[in-house]
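Report on one structure; see the data block that follows.
Atoms considered below: every heavy atom in the structure, side chains included; atoms not considered: hydrogens, waters and symmetry mates. Letters go in sequence order (proteins before strands), and every chain restarts at 1.
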Amino acid sequence: MSALENMDRRIWYVLMVLSLFIPLIRPLGLPLSTSPEVRAFYETVEALPEGSVVIVSPSYTPGTEAELWPQHVALVQHLMRKGVKIVHVALEVNAVMYAEHAMDLFKDEYGYVYGEDIVNMPYKAGLDVAIASMGRDFTALYSEDYKGAPLAQMPIMKDIKSITDIALVVDFMPGNTLVDFIKQIEGPYKVPVTGGVTGVCIPTLMPFVASGQCRGLLGGMRGAAEYEMLIGAPGKAVGGMDAQSLSHLLVIVSIIIGNTGQVLSRYRKGGAV
Amino acid sequence: MSKDVGVWIAALSTLFMYSYLYKDNTLFKFGEHLFIGVASAHHIVMGYQNIMEMGIRPLGAGRLIVVVPIALGLMLFTRFGTGKTALLCRIPIGFLAGLAAALSIRGLLDASLVQQIASTMKPIKGINDVLLLVGVLTTISYFLFTNTGKNPVLKGSANIGRMVMMITFGAAFGNTVMARMSLVIGRLQFLFGTWIPLIK
Amino acid sequence: MDLVSFPYLVTGVVGGLVLLEFFFNSPVLASISKELMNWGVIISAFALGLGALNLVKINMRQLTNPRQRSVHTLVLLVALIGYSLLGILFHSSSAPYKFVYDNLLQPLSATVFSFNAFFMTSAAYRAFRVKSVHATVLLVSALLMMLGAVGIGEVIYSGMPQISAWITAVFSTAGMRGFTIGAALGGIALSLRVILGLERSFLGDGGGGAA
């Protein structure tokens with residue numbers, strides 16, 4: 001084996017940290033264009049009339065927070081700026097915590113009142129079973145908010161009799177919940193669905209975006225960065241894109257070095273490449 | 001540097017875990033076991049609150065039918081028992097499997113089958129539509145006709161389908177790199193944005 | 001009917017009722033289906049405790065065994081039981097619960113998942129080898145996607161984002177759509193087998209019945 005093939009992995013770890021750290025403290029100012037899917041997501045939200053009700057489902061975990069939290073935050077800010085009412089639902093155990101944090105970031109700035117303009121629903125186990133139940137009878141599934149307060153007394157709920165009263169469903173998923181929303185809500189009830197996903201899940205959702213079942217898509221940190229630029233509020237995602245650039249170059253270099261090492265080894269062994 | 005106790009706890013937890021990248025050590029093991037304990041506890045708390053909200057409180061308010069799902073849920077724990085008692089847990093599992101299977105058919109039929117086929121079979125307006133149609137058909141043929149034998153059409157179709165899948169996997173790998181790097185960026189933004197503010 | 005076969009009857013009845021409701025416009029079926037779905041949510045909530053209980057059982061056994069005992073086991077049990085009690089007694093919206101969540105659970109979880117990036121870089125270096133035409137196609141596609149997703153790709157060639165968008169919109173969509181349709185066919189067949197009692201592996205009884 002050549003030396004190129006046998007580098008200590010910790011060298012790569014150090015190089016990786018450096019390739020991410022340096023652009024974070026010294027931004028490179030690299031360009032950031034907008035993809036059609038993010039533009040479609042933005043326009044879907046932008047077309048919502050003031051006073052309409054949107055379900056936001058932050059179905060992510062701390063393990064995928066770096067990509068999906070910036071998307072979620074940007075959406076909440078966009079919705080509040082438009083005066084759209086927000087119903088946060090929780091299909092994942094961490095969702096209620098993220099819903100609270102996102103709400104607390106902007107509610108005072110935009111004068112949102114809990115119970116009138118925004119509400120956080122409690123966690124419901126079962127994923128697609130909970131989503132199907134939501135579609136079948138929304139008010140039967142939810143009787144209390146996250147803290148146990150009765151929903152019947154909240155003004156935001158007076159116009160929600162069924163899922164068809166919802167103007168848009170937005171789900172942020174590292175798993176399969178957005179696909180479940182498309183299957184169990186968009187299909188049977190024709191409620192528009194869109195969302196944000198981790199980079200890994202972009203290919204899974206593309207067939208649904210192409211068919212119009214998902215109205216646009218935010219993909220990974222890049223999608224969050226593009227959306228932040230579109231709403232005029234650059235944040236953590238935009239700040240992280242330069243670091244993404246160098247890290248991608250490092251992975252490409254690592255693949256080239258690994259393959260070069262292999263070629264050199266074979267050449268030294270037998271002459272043939 | 002931040003003066004917030006919480007931020008320091010979070011930063012030290014992060015560094016304890018990252019110490020594993022050098023080599024396995026006691027600090028990492030401590031963080032790992034702490035993580036498993038706290039994460040499992042969070043699941044218990046969320047499950048408890050769900051059961052209280054949908055089961056116990058309605059039962060207290062007079063909705064007696066919820067005794068059935070509560071009983072079925074409790075039956076799940078009989079798996080830790082022995083003999084015939086342990087077989088009781090199969091009933092709630094059977095319930096959930098039947099429910100999931102029915103919902104799966106309902107969801108897959110329209111969203112994943114009919115709509116996807118309809119979206120593929122649309123008027124061809126350009127080269128991209130041709131490539132999309134050929135790509136979908138050859139990928140499906142690769143899965144459906146596993147044993148192509150000597151049939152040149154099926155063999156050719158499967159080969160093209162395999163190429164399309166290689167491009168798809170490559171695209172998936174590229175997106176995965178972006179996703180994974182984002183996770184470290186998130187940690188660095190916390191360490192050097194909140195704990196030791198070097199990032200402006 | 002014994003406890004071995006009765007669960008399959010439950011599967012068939014529940015699955016059958018929920019499936020029939022999809023095809024027939026009946027208020028009775030709709031009402032039953034709605035109730036069954038809500039029951040499913042409650043039962044799934046109980047399932048969350050199963051894993052934790054198993055964890056407690058294994059770690060208690062380790063703690064009582066002098067050879068397997070370690071301080072880390074104690075840390076796990078104290079964290080699990082303590083944090084559970086905190087949430088159950090004071091609710092997850094309480095300040096102490098949120099403090100532990102924000103400053104322990106969240107950073108620990110995020111850091112564990114971020115290991116993937118390091119291992120992936122190391123794996124790309126060690127294992128991503130171009131040994132065939134298919135591997136070359138995969139590599140080229142991956143390189144174009146990686147460069148197209150970031151600003152430096154646009155600096156190298158201004159059309160890079162459009163190239164990666166084209167790969168995503170055409171080839172990746174075609175491949176994934178093929179998967180989706182194929183998986184849907186398989187999923188529908190498997191789900192029907194489960195409801196009809198032909199598939200028994202989900203209860204650990206080994207292969208299916210007569211096809």
Side-chain angles (χ1 to χ4, degrees), chain B residues 6 9-10 13-14 17 29 33-35 37-38 40-41 43-45 47-48 50-51 54-55 69 72-73 76 87 90-92 94-95 97-99 101-102 104-106 108 112-113 116 128 131-132 135-136 139-140 143 164-171 173-174 177-178 180-181 183-184 187, chain C residues 3 7 10-11 14-15 18-19 22 39-40 42-43 45-50 52 55 72 75-76 79-80 83-84 87-88 92 103-105 107-108 111 113-114 116-118 120 134 137-138 141-142 145-146 149 167 170-172 174-175 177-178 180-182 184 187-188 191 194-195 202-203:
Chain B
I9 293 172
S13 308
T14 303
M17 298 307 278
K29 283 200 173 73
H33 283 74
L34 188 61
F35 165 57
V38 173
S40 304
H43 279 76
I44 292 174
V45 170
Y48 167 81
N50 194 166
I51 293 164
M54 285 187 79
L72 285 170
L76 279 171
L87 291 176
R90 293 160 60 92
I91 300 173
F95 181 101
L99 189 58
S104 181
I105 294 174
R106 287 163 59 141
L108 289 171
S112 295
L113 201 58
Q116 290 300 310
N128 286 341
L131 290 171
L132 190 71
V136 173
T139 305
I140 294 173
F143 285 118
V164 171
M165 279 161 51
M166 288 302 119
I167 299 174
T168 306
F169 294 146
F173 178 77
V177 170
M178 179 174 70
R180 301 298 175 226
M181 293 301 173
L183 307 184
V184 184
R187 290 289 80 214
Chain C
L3 278 174
V10 172
T11 303
V14 170
V18 174
L19 196 53
F22 185 58
W39 290 7
I42 298 171
I43 298 169
F46 277 96
L48 287 173
L50 273 179
L55 206 57
H72 302 301
V75 165
L76 190 154
L80 199 160
Y83 198 42
S84 300
I88 289 168
S92 54
N103 299 303
L104 266 182
L105 178 50
L108 286 169
T111 311
F113 279 88
S114 74
N116 270 316
F118 295 93
M120 185 193 60
H134 292 111
V137 167
L138 197 151
S141 169
M145 286 304 296
M146 277 193 272
I167 292 174
V170 177
F171 294 101
S172 182
R177 187 167 278 169
T180 304
I181 293 170
I188 291 166
S191 299
V194 166
I195 292 173
F202 66 94
L203 280 174

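Of all the heavy atoms in C:Phe46 and B:Pro69, the pair that sits closest is CE1-O, 4.3 Å. Scanning all heavy atoms of the two residues, the minimum distance from B:Met17 to C:Thr111 falls at CB-CG2, 3.5 Å. Of all heavy-atom pairs spanning C:Leu80 and B:Ser40, the tightest one is CD1-CB, 3.9 Å. Across all non-hydrogen atoms, the minimal contact from B:Leu113 to C:Ala184 is CD1-CB, 4.1 Å. Taking all atoms of both residues into account, the shortest heavy-atom contact from B:Gly94 to C:Leu203 is N-CD2, 4.5 Å. B:Thr14 and C:Pro107 make their closest contact through OG1-CB, 3.8 Å (heavy atoms, listed as atom of the first residue, atom of the second, distance).
With a 4.5 Å cut-off on non-hydrogen atoms, B:Met181 touches chain C through its backbone and its side chain both. Heavy-atom distances place both the backbone and the side chain of B:Phe95 under 4.5 Å from chain C. Using a 4.5 Å cut-off between heavy atoms, B:Arg106 contacts chain C through both its backbone and its side chain. Using a 4.5 Å cut-off between heavy atoms, C:Val18 touches chain B through backbone and side chain atoms alike. For C:Phe118, the part lying near chain B is the side chain, with the backbone staying farther off; criterion is any non-hydrogen pair under 4.5 Å. Heavy atoms closer than 4.5 Å to chain C are found in the side chain of B:Tyr48, but not in its backbone. For C:Ile167, the part sitting under 4.5 Å from any heavy atom of chain B is the side chain, from C-beta outward, and nothing else. Contact annotation for C:Leu55: only side-chain heavy atoms (C-beta onward) come within less than 4.5 Å of a heavy atom of chain B.
Put simply, CD1 on B:Ile9 and CG on C:Leu104 are 6.0 Å apart, with the number rounded to the nearest 0.5 Å. Annotation: the span from C:Ile43 atom CD1 to B:Leu72 atom CG amounts to 4.5 Å, rounded to 0.5 Å. Remark: C:Met120 CE to B:Leu183 CG distance equals 9.5 Å, nearest 0.5 Å.
Chosen from C:Leu138, C:Val194, C:Leu48, the residue pairing most often with chain B at heavy-atom distances under 4.5 Å is C:Leu138. By number of non-hydrogen pairs under 4.5 angstrom with chain B, the leading residue of C:Ser84, C:Gly182, C:Ala149, C:Gly40 is C:Ser84. Of the listed residues (C:Ile42, C:Val10, C:Thr180), the greatest number of heavy-atom pairs within a distance under 4.5 Å of chain B belongs to C:Ile42. The candidate from B:Ala102, B:Ser104, B:Ser13 with the greatest count of non-hydrogen atom pairs under 4.5 Å with chain C is B:Ala102. With chain C as the partner, the residue from B:Gly170, B:Ala97, B:Gly98 showing the most heavy-atom pairs under 4.5 Å is B:Gly170. When the candidates B:Leu87, B:Val164, B:Ile91, B:Asn50 are compared by the number of heavy-atom contacts under 4.5 Å with chain C, B:Ile91 comes out ahead. The candidate with the highest count of non-hydrogen atom pairs below 4.5 Å against chain B, out of C:Ala47, C:Ala52, C:Gly15, C:Gly187, is C:Gly15.
Here the side chain of C:Ser114 pairs no donor or acceptor atom with the backbone of B:Val184 at under 3.5 angstrom.
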Could you go through the side-chain contact (heavy atoms from CB on, under 4.5 Å) check for C:Ile195 and B:Ile105 one step at a time? CA-CA 10 Å; C:Ile195 292 173; B:Ile105 294 174; 4.0 Å; yes
What's the verdict on side-chain contact (heavy atoms from CB on, under 4.5 Å) for B:Leu131 and C:Phe171, showing C-alpha distance, side-chain angles and the deciding distance? CA-CA 8 Å; B:Leu131 290 171; C:Phe171 294 101; 4.2 Å; yes
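Within the 4.5 Å cutoff, the side chain of C:Arg177 has heavy atoms near those of the B:Leu132 side chain. B:Val38 is not listed as a side-chain neighbour of C:Leu108, based on a closest heavy-atom distance of 4.5 Å or more. With a 4.5 Å cut-off on side-chain heavy atoms, C:Phe113 and B:Arg180 do not count as touching.
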